[in-house]
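Worth knowing before you read on, the calculation uses all heavy atoms, side chains too, and leaves out hydrogens, waters and symmetry mates.
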Amino acid sequence: MTAIAVHQFAQCITCHAWSPDHSMVAFCPNNNEVHIYKSLQDNWERVHVLQKHDQLISGIDWSVRSNRIVTASHDRNSYVWNLEGSEWVPTLVILRLNRAALCVQWSPKENKFAVGSGAKTVCICYYEQENNWWVSKLIRKRHDSSVTNVAWHTNNLLLATTSTDGKCRIFSTFIKGVDTKDSRAGKFSDSKFGELIVQLDLSFSWAFGVKWSPSGNTLAYAGHNSMIYFVDEVGPSPLAQSVAFRDLPLRDILFVSERMVIGTGFDCNPMAFAADERGIWSFIRFLGERKTASGSKYGSQFSEAFGKLYGQSKQGVGNDSVESSRLRGCVHENCITCIVPLREPGVSTIKRFSTSGLDGKVVIWDLEGQADLSQYL
């Protein structure tokens, strides 16, 4: 078992983020508030409640350099929160959306952030010093459905998105006056704002959880068809691999190194994927204990699937994902919706990360000392 800490903060958690020094955690308890807890002598104490949104908060990101929090909500708004003294002061961001904001992420340089929405639109937001407000430029008419996730490339210019239209896309986000020409990516140096660099049609189902590798050379995202896709040499002729697994679909993923990805989702148990020396990706194992029921492996899986078809598990009528996770002995008892790295300064490899889910838990995981996984870190 690699879970080193389990914290039951609420009945349900939508998303979470950590402060730069990892001493505080901010999360949405499945409502329109952000609760901030601070670690005090092995106990967690609630120190702030951020109240400004009118509907469910769907995305939180806490900047490392500037110590600012950005939130996105189903109320179609986004706020940037600055700590002034002992209070968090919100600043409204003009998104110009007619549907819910679904996800948000700061860029690596933290001079921009991206908001994905149900309006088939991505908002690239930046600060206007002369007017003292946050404004946005919109990438429109590129997606055919809701934008579920966004991920920034390490060059601060390329943005990857996933959508419920089943596609993963990469856009240029160069904004004159915000980005400098010498920061442009080499082969995409002539790309204008909103230009579609590449569209990946690998999945025939909803796509979630897109992420770049630490070097930015590999892109990965998950499909609702229980598959995960890896793309190298992003451009006109990308090299793509797909890995299918027999378990429930993923909702979010995280590169912990160039050769290893952790996936989380409906199976309530983090999954490790890794690439061998040839660059071939495959499923390694679950991070949590995975207990199997008595009987043959394939027989038990068939019986469980047959029970789910009629809305009941082998142990009786109830929540299938909860019952499945209990049989497998995992820490989480419901869908894991969010995975966040716990980075160490100056280190690209991530050995610790946290997950949160619909069971209201925030779980901290540690890959240190895992002999079968250390070769990929």
Side-chain angles (χ1 to χ4, degrees), residues 1-51 53 55-62 69 71 73-74 88 103 209 247-248 250-254 262-272 286-291 313 315-316 318-343 350-368 370:
M1 179 73 70
T2 56
I4 60 173
V6 181
H7 306 290
Q8 184 77 52
F9 286 118
Q11 291 185 339
C12 181
I13 292 178
T14 307
C15 48
H16 78 284
W18 290 90
S19 63
D21 61 359
H22 305 153
S23 65
M24 291 187 289
V25 60
F27 62 87
C28 170
N30 199 37
N31 58 19
N32 63 336
E33 299 177 344
V34 174
H35 293 189
I36 299 178
Y37 278 72
K38 186 174 183 178
S39 178
L40 298 171
Q41 299 179 350
D42 298 329
N43 292 320
W44 289 88
E45 178 182 335
R46 190 170 70 183
V47 291
H48 299 284
V49 176
L50 310 186
Q51 297 175 312
H53 288 286
Q55 297 183 28
L56 176 71
I57 294 175
S58 51
I60 303 174
D61 198 14
W62 200 325
I69 298 174
T71 57
S73 168
H74 287 186
W88 288 93
C103 54
D247 299 276
L248 300 179
L250 301 175
R251 281 297 307 271
D252 203 1
I253 62 175
L254 173 68
I262 304 298
T264 59
F266 292 96
D267 208 74
C268 316
N269 199 342
M271 305 169 68
F286 285 87
L287 296 188
E289 294 178 359
R290 190 170 176 83
K291 301 176 182 179
S313 65
Q315 306 297 325
N319 187 311
D320 293 330
S321 61
V322 173
E323 189 62 40
S324 177
S325 68
R326 286 174 180 169
L327 287 174
R328 291 163 181 167
C330 189
V331 178
H332 280 286
E333 298 177 347
N334 211 323
C335 176
I336 303 174
T337 57
C338 185
I339 179 170
V340 178
L342 294 170
R343 301 182 185 274
I350 299 170
K351 295 184 179 180
R352 299 177 68 193
F353 59 90
S354 63
T355 57
S356 63
L358 303 184
D359 56 0
K361 295 179 181 178
V362 173
V363 180
I364 300 176
W365 305 79
D366 192 352
L367 299 176
E368 193 77 43
Q370 302 294 310

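When side chains are defined from C-beta on, Val362 does not count as touching Tyr37, because their heavy atoms never get closer than 4.5 Å. Proximity of Gln51 to Asn32: side-chain heavy atoms (C-beta onward) are nowhere separated by under 4.5 Å.
Here the straight-line distance linking atom CD of Gln370 with atom CH2 of Trp365 works out to 10.0 Å at 0.5 Å rounding. Distance check, rounded to the nearest 0.5 Å: CG of Asp359 to CD1 of Ile13 gives 8.0 Å. Expressed to the nearest 0.5 Å, how far CG of Leu254 lies from CD1 of Ile350 amounts to 4.5 Å. Annotation: the span from His53 atom NE2 to Ser73 atom OG amounts to 5.0 Å, rounded to 0.5 Å. Interatomic distance, CD1 of Ile262 versus CG of Leu250, reported as 10.5 Å (0.5 Å rounding). Residue Ile336 holds its CD1 atom at 10.0 Å from NZ of Lys361, rounded to the nearest 0.5 Å.
Taking the side chain to side chain contact (heavy atoms under 4.5 Å, CB included) definition, one finds that Thr337 meets it with Cys335, Leu358, sequence neighbours left out. Shown here are the side chain to side chain contact (heavy atoms under 4.5 Å, CB included) partners of His48, two or more places apart in sequence or in another chain: Ile36, Leu50, Trp88. In this structure, the salt bridge (charged side-chain N to carboxylate O under 4.0 Å, His left out) partners of Glu368, at least two apart in sequence or on a different chain, are Lys351. Listed by chain and number, the residues in a side chain to side chain contact (heavy atoms under 4.5 Å, CB included) with Ser19 are Asp21, Ser23, Met24, Trp62 (sequence neighbours excluded). Among residues two or more places apart in sequence or in another chain, the ring pair (Phe, Tyr, Trp, His ring centres under 6.0 Å) test is passed with His35 by Phe27. When the side chain to side chain contact (heavy atoms under 4.5 Å, CB included) test is applied to Glu45, the partners found at least two apart in sequence or on another chain are Leu40.
Closest heavy-atom contact between Ala17 and Asp61: CB-CA, 4.2 Å. Considering every non-hydrogen atom in both Ala10 and Gln8, the closest pair reads O-NE2, 2.7 Å. Between Gly357 and His332, the closest heavy-atom pair is N-CE1, 4.0 Å. Residues Arg352 and Asp366 come closest through the heavy atom pair CG-OD1, 3.7 Å. In terms of heavy atoms, Cys338 sits closest to Asp252 at CA-OD2, 3.8 Å. Minimum heavy-atom separation, Thr14 to Asn30: OG1-CA, 3.2 Å.
Under a 3.5 Å cut-off, the side chain of Ser354 and the backbone N or O of Val363 do not form any donor-acceptor pair. One N or O on the side chain of Asn31 and one on the backbone of Glu33 form a donor-acceptor pair closer than 3.5 Å.
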